[in-house]
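Side chains are part of it too, since the values below use all heavy atoms of this structure and drop only hydrogens, waters and symmetry mates.
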Amino acid sequence: MGDRLKGKRALVTAAAAGIGRASAIAFAREGATVFATVLDCSDEDWDFSFDLNVKSMHRTIRAFLPGMLGQGHGSIVNISSAAGVFKAAPNRYVYGATKAAVAALTRAVAVDFITRGIRCNCICPGTIETPSMLQRAAAAGPTGREMFVSRQPMGRLGTVEEIASLAVYLASDESAFTTGVAHIIDGGWTL
């Protein structure tokens with residue numbers, strides 16, 4: 001166990017699987033006290049997607065921001081996506097719109113609270129091997145996973161641990177001069 005986040009408290013949403021779960025484990029491994037909220041996601045319904053992907057972040061930030069302001073410091077790390085922020089993906093218009101909104105929310109929170117010790121950044125992953133991605137691959141047929149891998153310039157999918165490592169960095173004091181940034185981690189997908 002490291003101590004990069006020793007003494008810090010972290011709220012990790014969508015911690016049941018994938019990036020959320022890996023982030024919660026990585027934060028705990030680095031000494032943080034981790035609180036997890038489990039969320040499920042569906043891209044089929046516009047209202048549901050915005051409630052889940054954007055309004056939930058707004059509500060969570062609104063709930064925890066007063067405590068951060070009281071302490072005079074805090075780091076918010078939102079999860080967005082390379083799809084919608086840096087590149088459009090076919091048949092993902094609702095998902096892309098919500099993830100672009102997360103990046104805009106991140107910048108707005110960063111600029112509004114920059115002088116009060118609060119930082120806000122977001123992570124924009126590319127195709128990461130998560131349970132939901134594997135379900136989409138399985139639904140695409142026996143070569144579904146290979147289809148996802150074939151569109152990756154690095155020839156592989158990202159791992160949840162890679163995303164979690166970036167989240168730990170953004171939550172730690174190592175990134176104290178970083179705020180309002182959408183950090184792309186996509187293996188070159190958007191190049």
Side-chain angles (χ1 to χ4, degrees), residues 11-24 26-27 36-61 75-110 119-137 139-140 144-145 147-154 156-171 175 178-191:
L11 172 71
V12 180
T13 60
I19 294 169
R21 178 174 165 73
S23 294
F27 277 48
T37 307
V38 176
L39 299 175
D40 294 319
C41 181
S42 169
D43 295 334
E44 297 175 1
D45 180 76
W46 181 270
D47 290 334
F48 181 75
S49 291
F50 267 90
D51 283 347
L52 182 64
N53 292 336
V54 184
K55 287 183 182 179
S56 65
M57 286 189 186
H58 155 72
R59 290 177 183 132
T60 302
I61 291 169
S75 177
I76 299 165
V77 181
N78 294 323
I79 302 295
S80 184
S81 177
V85 178
F86 294 98
K87 183 176 181 175
N91 301 313
R92 308 270 291 175
Y93 79 96
V94 174
Y95 178 85
T98 64
K99 294 305 184 174
V102 168
L105 172 70
T106 296
R107 287 189 298 278
V109 170
R119 297 181 303 109
C120 188
N121 293 285
C122 69
I123 297 174
C124 299
T127 306
I128 308 301
E129 191 165 344
T130 64
S132 65
M133 181 256 126
L134 292 173
Q135 286 176 343
R136 289 191 311 275
R145 187 177 188 287
M147 176 193 67
F148 280 96
V149 171
S150 71
R151 64 184 194 186
Q152 304 305 309
M154 286 189 170
R156 68 174 181 86
L157 302 173
T159 68
V160 294
E161 291 81 13
E162 289 168 321
I163 307 306
S165 293
L166 180 54
V168 166
Y169 167 74
L170 291 172
S175 65
T178 303
T179 193
V181 180
H183 297 268
I184 191 164
I185 179 168
D186 71 347
W189 180 65
T190 57
L191 293 176

Requested in this report: Decide side-chain contact (heavy atoms from CB on, under 4.5 Å) for M133 and I128; before the verdict, give the C-alpha distance in whole Å, the side-chain angles of both, and the deciding distance to 0.1 Å.
Outcome: CA-CA 7 Å; M133 181 256 126; I128 308 301; over 6 Å; no
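Distance CG/D186 to CD1/I123: 13.0 Å, rounded to 0.5 Å. Note that CZ of R151 is 4.0 Å distant from OG1 of T127, once rounded to the nearest 0.5 Å. We find the CZ-CZ distance between R145 and R136 to be 13.0 Å, quoted to the nearest 0.5 Å. How far CE of M57 is from CG of L52: 8.5 Å, rounded to the nearest 0.5 Å. Note that SG of C124 and NZ of K87 are 14.0 Å apart. Values are rounded to the nearest 0.5 Å. Separating the CD1 atom in I76 from the SG atom in C122 is a distance of 12.0 Å, to the nearest 0.5 Å.
Between E129 and T159 the shortest side-chain heavy-atom distance does not fall below 4.5 Å. Contact check for I79 versus V102: no side-chain heavy atoms found under the 4.5 Å cut-off. For the pair L157 and Q152, the minimum side-chain heavy-atom distance is below 4.5 Å. The shortest distance between side-chain heavy atoms of C120 and N78 falls below 4.5 Å.
A donor-acceptor pair is defined here as one N or O able to donate and one able to accept, closer than 3.5 Å; such a pair exists between the side chain of S150 and the backbone of M147. Although no hydrogens or angles enter the test, the distance criterion places a donor-acceptor pair under 3.5 Å between the side chain of R119 and the main chain of S175. A donor-acceptor distance shorter than 3.5 angstrom exists from the side chain of N121 to the backbone of T178, with no hydrogens or angles considered. Between the side chain of S81 and the main chain of G96, no donor-acceptor pair closer than 3.5 Å is present.
The two residues A100 and G84 make their nearest non-hydrogen contact at CB-O, 3.3 Å. Here the closest heavy-atom approach between residue A167 and residue V77 is recorded as O-CG2, 4.2 Å. Between F86 and A182 the shortest heavy-atom distance is CZ-O, 3.7 Å. Listed here is the closest heavy atom pair of A164 and F27: O-CE1, 4.4 Å. The two atoms that bring A137 and F148 nearest to each other are CA-CE1, 3.6 Å, heavy atoms only.
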